Number of protein chains: 2
Amino acid sequence: MYDDLKYWYLRDHKLFKTLSFGDIKQLCIITGFKKAKKGEIIYFSASDVPRIFLLKKGNIKIVAVDEDGNESIKDIIQKGDLFGELGLESDNESNEYAKVLSDDVAICSFLLSDFEDLLLRNPNLALSYTKFVGLKMKRIKNSYSNLISKDAKTRLSLFLKDWAEREGVASGSTIVIENYLTQNDIAQIICTSRQTATQLLNEMESNGLISYNRKEIILKDIYKF
Amino acid sequence: MYDDLKYWYLRDHKLFKTLSFGDIKQLCIITGFKKAKKGEIIYFSASDVPRIFLLKKGNIKIVAVDEDGNESIKDIIQKGDLFGELGLESDNESNEYAKVLSDDVAICSFLLSDFEDLLLRNPNLALSYTKFVGLKMKRIKNSYSNLISKDAKTRLSLFLKDWAEREGVASGSTIVIENYLTQNDIAQIICTSRQTATQLLNEMESNGLISYNRKEIILKDIYKF
DNA sequence: TGGGTTTTGCAAGCTAGCGGACAAATAGCT
DNA sequence: AGCTATTTGTCCGCTAGCTTGCAAAACCCA
C-alpha cells in the first residue's frame, strides 16, 4: 500500500511516463519518501549518499552557504520539479540545504546509482533526462545573460512575468500569483539588494503595474511585462 | 580514406571511447568536416538543421547577438570541446555565430537527430553525455555565482587561474598561457568593461603578479591566484 | 492579547565600475 | 615601407545600486 503510493508519486511525473510498470516498481523499491512543514530545513548532499529528489507537493528554496557564511538562493523548486545531483556527479564542495516555503511538502528521492542503472536500461528515459538537464542549463544561461545586460528593474519585471506564467492564475490579462516569497527572497533571485527590490516593487505598485502584499501578487496586465 | 580521417577525429574524443567500431562508422557517414582560418565567422543554428559540433583543432569564440545588436561572448571553445545544441533541443530564438581565434581550426559536426539515435542505441554513451552536459551546467552556475558575489578583480584572477589550469604550460609555479584573446574578449568573459579589464591587467602587471602581452600571459606564481 | 520576531519602508552617503573621448602602440596588408 | 585597422592605455564624470541605520508594520504563537 505504501509502495503503491510511492509508485503513483513517481508515475505521474512526465519524465517517467515512458517507463514500464516493472521499471517504476524497481525504482520504487529504493525510493525514499518524506514530508515536512513550513520553515523546516532539509539537508542533503555532502554527508549523505548522492540522491535525486522529486518534489511532489509544495515549494522549497535551495540555499547555498559559501566559505564566508553568506547565504544565497540557488533555486526555487516547485511541485513536479527534480532537484539534487542533476548532473549525476556528486560534488562534495557545495554546501547546500533546502528550506520549506509552503505549508507542507512531500518529497521522494532515489539513489543516484540506482537512477543511473535505470537510465542505462531505458535509453528513452536517458534521452528525455538529458533534454531535461539541457533545459535547466538553458534557464541558467538565460539568467546569466539577464544579469549581464539588464538592470535591476528589468530583471524584476522578467522574473515576475516568468513566475506568473509558471504559477499564476489568469483572468483575462490580470494574473494572480500566490506569494510565498519574502522581498528578500525576490531580491536574491534577481540578484539585487533587499532595499532595491523593495523600492522597485513599491514603484511598480504606485505605477499601477502590480498590487503587492504578503499573500499574493497581482500583475494588473501581463502584457505590460 | 577521407571517411577514415573523420573516424579518427571522432574516435579519440573521450566521450566516444565507449562506442564500437561500427557505431562510429555509422556516425561518420553523416559527419560533416570543415576547416577555417583565423578571423573567419562560422554561422550555425537558426537557418541550418540543428547540429552538434566537435572542435578538433584550434580555438573559437561563440558570440551571441541580442535584439539590440549588442554582441556578447557566450563561450570560448577549445580543442576537443563539443558545442552547438548541447541540450538536444533546437532553440531558434538564439542568434549566435562562431569566430575563429587561432590560426586555423578543424570542426566536425553531425546532425542532432542522428546523434539522438546513437544515444538511444548506446545507453552508456547517453549516460556519459548527460554527465558532460551536467558538467557544463555546473560551470555556468559557477560563473553566475562569481558574478553575483565577486568583484571584477577577483573574477579576473579566477579566470586567469582557470585558463592557466586548462591550457597553461607550467614550469614550477610559473605558468605560461598562449594568449589568443584581446583585452576586450577577456573583459566580456569576466563581465566587465574593456577599460576596467585593461586597468586591472596593468595593475596585476605592476604588482608583479603577471607579465602580459598580446602573445602570451605569464602567471608568475599560480599559488597567488 | 501581548510580546517577540520577521518583514517591509525609507533616507542618505558612498563607490565600483560603466562609458565617452582620445592618443599611443601594435598588427596586418599590399 | 607605408597605410589602415585594431588593440591598448589613460583620464574622468556619472550613476545604479549597495550599505548602514532606523522605524513602522505585519506576523506568530503562547
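Lettering follows sequence order; numbering is per chain, from 1. Note that this is a predicted model, so its numbers are computed, not measured.
The shortest side-chain heavy-atom distance between K224(A) and S173(A) does not fall under the 4.5 Å cut-off. The shortest side-chain heavy-atom distance between L209(A) and K220(A) does not fall under the 4.5 Å cut-off. A 4.5 Å side-chain heavy-atom check between K161(B) and E165(B) finds at least one atom pair inside the cut-off.
Computed from C1' positions of five pairs at each end, the angle between the two local axes of the helix from dG4(C)-dC27(D) to dT30(C)-dA1(D) equals 60°, rounded to 10 degrees.
When the shell of 6.0 Å around NZ of K99(B) is examined, it contains 12 or fewer heavy atoms from other residues, nucleotides or ligands. Counting heavy atoms of neighbouring residues, nucleotides and ligands inside a 6.0 Å radius, atom NZ of K138(B) exceeds 12 of them. Environment of NZ in K141(B): sparse, with no more than 12 heavy atoms of neighbouring residues, nucleotides or ligands closer than 6.0 Å.
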Trace of the side chain to side chain contact (heavy atoms under 4.5 Å, CB included) decision for S102(B) with K38(B):
CA-CA 6 Å; S102(B) 52; K38(B) 190 165 188 166; over 6 Å; no
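Taking only side-chain nitrogens and oxygens, Q199(B) never comes nearer than 4.0 Å to OP1 or OP2 of dC11(D).
Under the salt bridge (Lys or Arg N to Asp or Glu O under 4.0 Å) test applied with K61(B), the options D185(B), D81(B), D75(B) reduce to a single match, D185(B).
Separating the CZ atom of R214(B) from the C1' atom of dT7(D) is a distance of 4 Å, rounded to the nearest angstrom. Nucleotide dT8(D) holds its C1' atom 17 Å from the CE atom of M204(B), rounded to whole Å. Nucleotide dT8(D) holds its C1' atom 14 Å from the NZ atom of K215(B), rounded to whole Å. The CG-P distance, from L181(B) to dT6(D), rounds to 18 Å in whole Å. As a whole-Å value, the separation of K38(B) NZ from dA5(D) P is 19 Å. Atom CD in Q183(A) sits about 18 Å away from atom P in dA24(D), given to the nearest Å.
Between the side chains of T196(B) and S193(B), at least one donor-acceptor pair of N or O atoms lies under 3.5 Å. In this model, no donor atom of one side chain and acceptor atom of the other lie less than 3.5 Å apart for N146(B) and S143(B).
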Identify each atom pair where a protein N or O and an N or O of nucleotides 18-20 of chain D are less than 3.5 Å apart, giving names and distance.
{"from": "dC18(D)", "atom 1": "OP1", "to": "T192(A)", "atom 2": "OG1", "distance (Å)": "3.4"}
{"from": "dC18(D)", "atom 1": "OP2", "to": "T192(A)", "atom 2": "OG1", "distance (Å)": "2.7"}
{"from": "dC18(D)", "atom 1": "OP2", "to": "S193(A)", "atom 2": "N", "distance (Å)": "2.8"}
{"from": "dC18(D)", "atom 1": "OP2", "to": "S193(A)", "atom 2": "OG", "distance (Å)": "2.8"}
{"from": "dC18(D)", "atom 1": "OP2", "to": "T196(A)", "atom 2": "OG1", "distance (Å)": "3.0"}
{"from": "dT20(D)", "atom 1": "O4", "to": "Q195(A)", "atom 2": "NE2", "distance (Å)": "3.0"}

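Note that CG of N59(A) and CG of D104(A) are 10.5 Å apart. Values are rounded to the nearest 0.5 Å.
Checking L200(A) against E205(B), the closest nucleotide of DNA chain D that is more toward the 5' end is the one next to E205(B).
Close approach of DNA chain C to chain B, defined as any atom under 4.0 Å from a non-hydrogen atom of the protein, starts and stops at dG17(C) to dA27(C).
A heavy atom closer than 4.0 Å to some atom of DNA chain D occurs in D151(A), A152(A), these being the qualifying members of residues 144-154 of chain A.
Pairs of residues two or more places apart, or lying in two chains, that qualify as ring-ring contact (aromatic ring centres under 6.0 Å, His included) and include a residue from residues 144-174 of chain A are F159(A)-W163(A), W163(A)-Y180(A). Evaluation of the ring-ring contact (aromatic ring centres under 6.0 Å, His included) test over residues 201-225 of chain A, restricted to residues two or more places apart or in two chains, returns none.
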